[in-house]
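One structure is given below, encoded as structure tokens.
The sequence lines fix the lettering, A, B, ..., with proteins before strands; numbering per chain opens at 1.
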Amino acid sequence: EAAVTQSPRNKVTVTGGNVTLSCRQTNSHNYMYWYRQDTGHGLRLIHYSYGAGNLQIGDVPDGYKATRTTQEDFFLLLELASPSQTSLYFCASSDAEQFFGPGTRLTVL
Amino acid sequence: QQKVQQSPESLSVPEGGMASFNCTSSDRNFQYFWWYRQHSGEGPKALMSIFSDGDKKEGRFTAHLNKASLHVSLHIRDSQPSDSALYFCAASEDGGYKVVFGSGTRLLVSP
């Protein structure tokens with residue numbers, strides 16, 4: 001079965017802090033995604049990529065950067081974290097159907 | 001306004017009952033639809049896709065799509081406590097490479 005892993009699983013930082021969330025997929029999928037999940041909003045797309053070195057802007061990109069270093073690895077960067085970025089973050093890879101990782105819970109104090 | 005709207009927000013059914021979920025899109029460009037399910041503490045997992053008008057049945061799950069009204073539904077017959085989860089509708093213009101999710105419906109199946 002398709003596999004997507006995320007690290008860390010939980011992260012606490014302070015306002016203004018620097019955070020990097022990591023995602024790796026072993027599915028050989030071209031597309032990878034970062035979403036945030038908040039009650040009442042469902043899953044909202046932050047950034048996505050269709051291959052190493054490529055980056056596409058999603059629907060809620062403000063305050064986030066992302067980088068796709070290889071086919072397998074996709075990173076989400078919060079350079080000046082704010083409390084509004086406290087959320088549950090999911091990475092996914094896709095060959096049309098999306099395969100999600102287990103999520104990272106980020107708290108910004 | 002969200003492009004993909006789901007109803008109800010939550011649903012409670014007895015074990016063995018029928019659970020029904022609704023999803024309406026406000027974007028006529030969406031042609032591809034999925035249902036995803038998320039159990040507590042896990043990432044969402046795809047349940048089924050539907051791309052053509054009409055019904056699609058997979059075991060206890062039946063999806064229905066009406067592209068003219070931009071409406072898709074999911075029905076679970078003989079609901080089990082293990083079906084208790086958050087259910088998302090998702091829509092795409094391009095076959096799944098950029099997908100928009102609804103806000104979800106929480107299902108509770110009581111024994």
task = Run the numbers on B:Y97 and A:Q98 for side chain to side chain contact (heavy atoms under 4.5 Å, CB included), then give the verdict.
result = CA-CA 9 Å; B:Y97 298 113; A:Q98 305 229 337; over 6 Å; no
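- Atom CZ of A:R44 is surrounded by more than 12 heavy atoms from other residues, nucleotides or ligands within 6.0 Å.
- Open room surrounds CZ on A:R105; 12 or fewer heavy atoms of other groups in view lie less than 6.0 Å from it.
- Within the 4.5 angstrom heavy-atom criterion, only side-chain atoms of A:Q37, from C-beta onward, approach chain B.
- The cluster map of Ile, Leu, Val, Met, Phe, Trp and Tyr, joined by side-chain heavy atoms under 4.5 Å apart, puts B:V4 and B:Y87 in the same cluster.
- For B:K67, the NZ atom sits in a packed shell: over 12 heavy atoms of surrounding residues, nucleotides or ligands are nearer than 6.0 Å.
- With rounding to the nearest 0.5 Å, the separation of CD in B:Q38 from CZ in A:F100 is 8.5 Å.
- Of all non-hydrogen atoms in A:Y33 and B:K98, the two that sit nearest each other are OH-N, 4.4 Å.
- Proximity to chain B among residues 45-62 of chain A is limited to A:L45, A:Y48, A:D59, judged by heavy-atom separations below 4.5 angstrom.
- Looking only at heavy-atom pairs under 4.5 Å with chain A, the residue among B:Y36, B:W34, B:Y32 that has the most is B:Y36.
- In this structure, the portions of B:V99 lying under 4.5 Å from any heavy atom of chain A include both its backbone and its side chain.
- Pairing each heavy atom of A:G40 with each of B:S103, the nearest pair is O-CB, 3.6 Å.
- Hydrophobic cluster membership is shared by A:L43 and A:Y31, with clusters built from Ile, Leu, Val, Met, Phe, Trp and Tyr side chains linked at under 4.5 angstrom.
- For chain A, no part of B:Q6 is nearby; none of its heavy atoms comes within less than 4.5 Å.
- For A:Y89, the side chain to side chain donor-acceptor pair (under 3.5 Å) test picks out A:Y64, with sequence neighbours left out.
- Cluster membership check: B:V72 shares its hydrophobic cluster with B:L11, using side-chain heavy-atom separations under 4.5 Å among Ile, Leu, Val, Met, Phe, Trp and Tyr.
- Within a 6.0 Å sphere centred on CD of B:E9, other residues, nucleotides and ligands contribute 12 heavy atoms or fewer.
- Clustering ILVMFWY residues whenever any of their side-chain heavy atoms sit less than 4.5 angstrom apart, transitively, puts B:I50 in the very cluster that holds B:V100.
- Taking both residues in full, the closest heavy atoms of B:G41 and A:R9 are given as O-NH2, 4.3 Å, listed atom of the first, atom of the second, then distance.
- When the side chains of ILVMFWY residues are joined at heavy-atom separations under 4.5 Å, either directly or via intervening members, B:I76 and B:V13 end up in a single hydrophobic cluster.
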